[in-house]
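Some notes on the structure that comes next.
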Amino acid sequence: ERVFAADVLTVTAQTVTPVLETFGEIRSRRTLEVRAGVSGAVVDVGPGVEEGGAGERGQLLFRIDPRQAETALEVARADLSDAEAELRDARRSLDLAREDLAAAESQSNLRTRALERQQNLAQRGVGTEAAVETAELAAAAAEQALVSRRQALAQAEARVDQAATALTRRQIAMTDAERALADTEIRAEFAGVLSDVTAVEGGLVTANEQLARLVDPAALEVA
């Protein structure tokens, strides 16, 4: 009788975890393209800004030459000061125009009452026609002066409105200049690792040019 050899082992219950091998890549769910806000020369590169370097939130990464932006900001501040002075002067002129109008109204009322008195005297036979005519001319001149003062008041009010509008525009221009100066400093929006760093100190960059990529190592996924 033929005899067959066989390997045997004792069956033991256990949990088996299969190991799978595959190929892929690790991606970050939070990646920021660091771009230049303005054009110019890179005058400063932050510490640790290099390929694979780590950056903290708010850390300075790059600084672009701020001299032109600083000059524009100083000009905007000077223009704003001029606009504020113009508005103050326009308001003072408006107050004077109101006082001048009030004085003209008082003068016109006096001339009108004087004319009425001369007319009453003439009706009673006491006054003369010449006096009445003189009073009429004076009243007419006072009325004309009153109209002129009203026009001056309207012009003063319009000047105040124009000065206020100019001040608003200067404030907007100054805000834009401040924003342009702030754009010369590029800081990290969050803590991460730098990659694809292309900017170097002394290099020229254009607005919206990509300088590096900031990757959040705490937000990774396998693809």
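No experiment lies behind these values; they were computed from the predicted model shown. The analysis underlying the following values was restricted to heavy atoms, covering all of them including side chains, and did not include hydrogens, waters or symmetry mates.
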Evaluate whether atom CD of E105 has more than 12 neighbouring non-hydrogen atoms of other residues, nucleotides or ligands under 6.0 angstrom away. yes
Heavy-atom closest pair (A90 atom, A163 atom, distance to 0.1 Å) is CB-CB, 4.3 Å
Can you check whether L211's main-chain N or O pairs, donor with acceptor, with T198's side chain at less than 3.5 Å? yes
Would L146 and R150 count as a side chain to side chain contact (heavy atoms under 4.5 Å, CB included) here? Give the steps. CA-CA 6 Å; L146 182 60; R150 287 173 179 168; 3.6 Å; yes
For residues L61 and V49, report the shortest heavy-atom separation together with the two atoms involved. O-CG2, 3.6 Å
Please check: side-chain N/O of S106 versus main-chain N/O of A102, any donor-acceptor pairing under 3.5 Å? yes
Distance in Å, R170 CZ paired with L87 CG, rounded so as to fall on 0.5 Å steps: 13.5 Å
I'd like to know if R67 pairs up with E70 as an ion pair, taking the criterion as any Lys NZ or Arg NE/NH1/NH2 lying under 4.0 Å from an Asp or Glu carboxylate oxygen. no
Trace of the side chain to side chain contact (heavy atoms under 4.5 Å, CB included) decision for L167 with L80: CA-CA 7 Å; L167 178 61; L80 180 60; 3.4 Å; yes
Between V197 and V193, is there a shared hydrophobic cluster once you connect ILVMFWY residues whose side-chain heavy atoms come closer than 4.5 Å? no
N109 CG to E143 CD distance, which is reported to the nearest 0.5 Å: 9.5 Å
Under 3.5 Å, side chain of E51 to main-chain N/O of D196, donor-acceptor pair present? yes
Nearest atoms (heavy-atom pairs only) where A145 meets A104: O-CB, 4.4 Å
Is the side chain of R29 donor-acceptor paired with the backbone N or O of L220 at a distance under 3.5 Å, no angle test? yes
To the nearest 0.5 Å, what is the distance between CZ on R213 and CZ on R35? 10.5 Å
Are L60 and F190 grouped together when hydrophobic residues (ILVMFWY) are joined by side-chain heavy atoms under 4.5 angstrom apart? no
Just by modelled atom types, is the Q144 backbone N or O under 3.5 Å from a matching donor or acceptor in the S148 side chain? no
So, taking the atom named CG in D82 and the one named CD in E86, what distance separates them when rounded to the nearest 0.5 Å? 9.0 Å
So which heavy atom on P217 is nearest to which on G192, and how close? CD-CA, 3.7 Å
Within-4.5 Å side-chain heavy-atom neighbours: T31 and D216: no
Does the R111 side chain pair with the main chain of A139, one donor and one acceptor, at a distance under 3.5 Å? no
Taking everything shown except E189 itself, do over 12 heavy atoms lie less than 6.0 Å from its CD? no
Evaluate the side chain to side chain contact (heavy atoms under 4.5 Å, CB included) criterion for residues L153 and R149: first the C-alpha distance (whole Å), next the side-chain angles of each, then the deciding distance (0.1 Å), finally the verdict. CA-CA 6 Å; L153 177 62; R149 299 301 184 274; over 6 Å; no
Is the shortest distance from a Lys or Arg side-chain nitrogen in D89 or R159 to a carboxylate oxygen in the other one below 4.0 Å? yes
Going by an N to O cut-off under 4.0 Å, is there a salt bridge joining R27 and E221? no
D100 vs L96, side chain to side chain contact (heavy atoms under 4.5 Å, CB included): CA-CA, chis, key distance, verdict: CA-CA 6 Å; D100 202 10; L96 292 175; over 6 Å; no
Determine whether more than 12 heavy atoms belonging to other residues, nucleotides or ligands lie under 6.0 Å from atom CZ of R91. no
So that I can tick it off, tell me whether D95 and R92 are bridged by a salt bridge, with the cut-off set at under 4.0 angstrom between side-chain N and carboxylate O. no
Let me check something: do V38 and L73 share a hydrophobic cluster, defined by ILVMFWY side-chain heavy atoms less than 4.5 Å apart, either directly or through other members? no
Heavy-atom closest contact (P47 atom, Q59 atom, distance): O-NE2, 2.8 Å
Shared hydrophobic cluster for L194 and V215 (ILVMFWY, side-chain gaps under 4.5 Å): no
Please determine whether residues F62 and L181 belong to a single hydrophobic cluster, defined as Ile, Leu, Val, Met, Phe, Trp and Tyr linked transitively by side-chain heavy-atom distances below 4.5 Å. no
Just how far is it from atom CD of E33 to atom CD of E209, taken to the nearest 0.5 Å? 12.0 Å
Determine the minimum heavy-atom distance between I186 and A36, stating which atoms define it. CD1-CA, 3.8 Å
Rounded to the nearest 0.5 Å, the CD atom of E99 sits from the CG atom of L94 at a distance of 10.0 Å
